[in-house]
Amino acid sequence: MLDRRNFLMAGAAGVSALALRGQTAGEWGGPVIDIHHHWRRQVKSNYDHLDGAGITRALILTDAPQDAEAAAMPKDRFARFTSVNVQRADTLDQNMDTLRKAVMAGSLGFGEMKSRVAADGPEMRRVYALAGELGVPVLIHFQEISQQLSVGTYNTGLDRLPALLKEFPKTLFIGHADNFWANISTEVPTDTAYPTGTVRRGGLSDRMLTDYSNLWADLAATSGRNALARDPEFAADFLKRHQDKVMFGSDCPCADGRGTGQTNPLPLIAGKCVARETLGALKGLCTPEVFRKVTWGNATRLLKLI
């Protein structure tokens, strides 16, 4: 009788074979990797979103208890990062051990790290040090404004990230979420997570990507899509300048890669698939060469998937 892990592996392998037979590069002109796909407990749902959005491969982001199931997914379509909540000091040692064991078992990095702590607090410093020791990236959710679909603040203090990039030069940081993308501009409002209008050049995130070789960027979620939309002229130039460090991700909750079940009311993505909307925006903003880097080459190079 098959145990749960073997059952998942057998079932997923069958689905993978079917999916790959139907997968074509035509829709986006080549393969696409999504570096921000949250694990879905119904195995088929993971394929439904990838196939519906025309995505070839995904990096699954899992909480530690889901890691074994995610690890059973076929390697030709899925890799994984592992995350833990580091808020509780009394479990921090245990959580660091969990992350170490996950990497030893094949996880390619830490993330999405989303805890209600300071970005430069002792908890996250332990994470950065371990990531540097193990030679894996850490994907960080930077959020300063609480919102309906993401209540609270997480990894606060983006303005102190330059000091961390210097302190942990062997650690590969991947910036993500509202505050990271709001800071492409020097003017960052305190009353909205998704600023609109002209980007004032010289923003912190933009400067850090230029100044620090160990910082990369994840375009996932409403925040990434909004960053591309608010000032298209700036966005095209930003993507050209950082073409070797920006990576496509979806962080999309829709069920089928077509927008079904999307609950975010922001007009940019209301009723839509974030992956499709972001890929479409990138198509319009990038040369074909830059598009290929952002949607495939950078992530596969960083994660050593090719």
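Fair warning: this is a prediction, and the values are worked out from it, not measured in the lab. Atoms considered below: every heavy atom in the structure, side chains included; atoms not considered: hydrogens, waters and symmetry mates.
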Can you confirm whether Lys101 is buried at NZ, in the sense that more than 12 heavy atoms of other residues, nucleotides or ligands lie under 6.0 Å from that atom? no

Report the relative orientation of the aromatic rings in Phe238 and His242; use parallel for angles under 30°, tilted for 30 to 60°, perpendicular for over 60°. perpendicular

Out of the candidates Val84, Val86, Asp97, Val127, only one should pair with Leu92 under the side chain to side chain contact (heavy atoms under 4.5 Å, CB included) rule; please name it. Val86

Restricting to side chain to side chain contact (heavy atoms under 4.5 Å, CB included), what partner residues turn up for Glu187, sequence neighbours left out? Ser185, Arg200

Are the side chain of Thr287 and the backbone N or O of Val290 linked by a donor-acceptor pair below 3.5 Å? yes

Could you tell me if the ring centre of Phe78 sits under 6.0 Å from that of Tyr47? yes

Show which side-chain atoms of residues 162-174 pair as donor or acceptor with protein atoms under 3.5 Å away, not counting sequence neighbours.
unit_1, atom_1, unit_2, atom_2, d
Glu167, OE1, Arg125, NH1, 2.4
Glu167, OE2, Arg125, NH1, 2.6
Thr171, OG1, Tyr128, O, 2.8
Thr171, OG1, Gly132, N, 3.4

Determine yes or no for a side-chain-to-main-chain donor-acceptor pair under 3.5 angstrom, with Asn95 supplying the side chain and Asn85 the backbone. yes

If you measure from the Lys or Arg side-chain nitrogens to the Asp or Glu carboxylate oxygens, is any gap between Arg201 and Asp237 under 4.0 Å? yes

Gln66 side-chain N/O to Asp63 backbone N/O, donor-acceptor pair under 3.5 Å: yes

Assess, by modelled atom type and distance only, whether the side chains of Ser115 and Glu123 contain a donor and an acceptor separated by less than 3.5 Å. no

Do the side chain of Asp206 and the main chain of Gly202 share a donor and acceptor less than 3.5 angstrom apart? no

Can you establish whether the number of heavy atoms outside Arg88 located under 6.0 Å from its atom CZ is more than 12? no

Would you mind telling me which of Leu99, Val103, Leu303, Val138 makes a side chain to side chain contact (heavy atoms under 4.5 Å, CB included) with Phe81? Leu303

Between the side chain of Asp34 and the main-chain N/O of Ser250, is any donor-acceptor distance below 3.5 Å? yes

Any Lys/Arg nitrogen of Arg258 or Asp256 sitting under 4.0 Å from an Asp/Glu carboxylate oxygen of the other? no

Got a donor-acceptor contact below 3.5 angstrom from the Ser205 side chain to the Phe180 backbone? yes

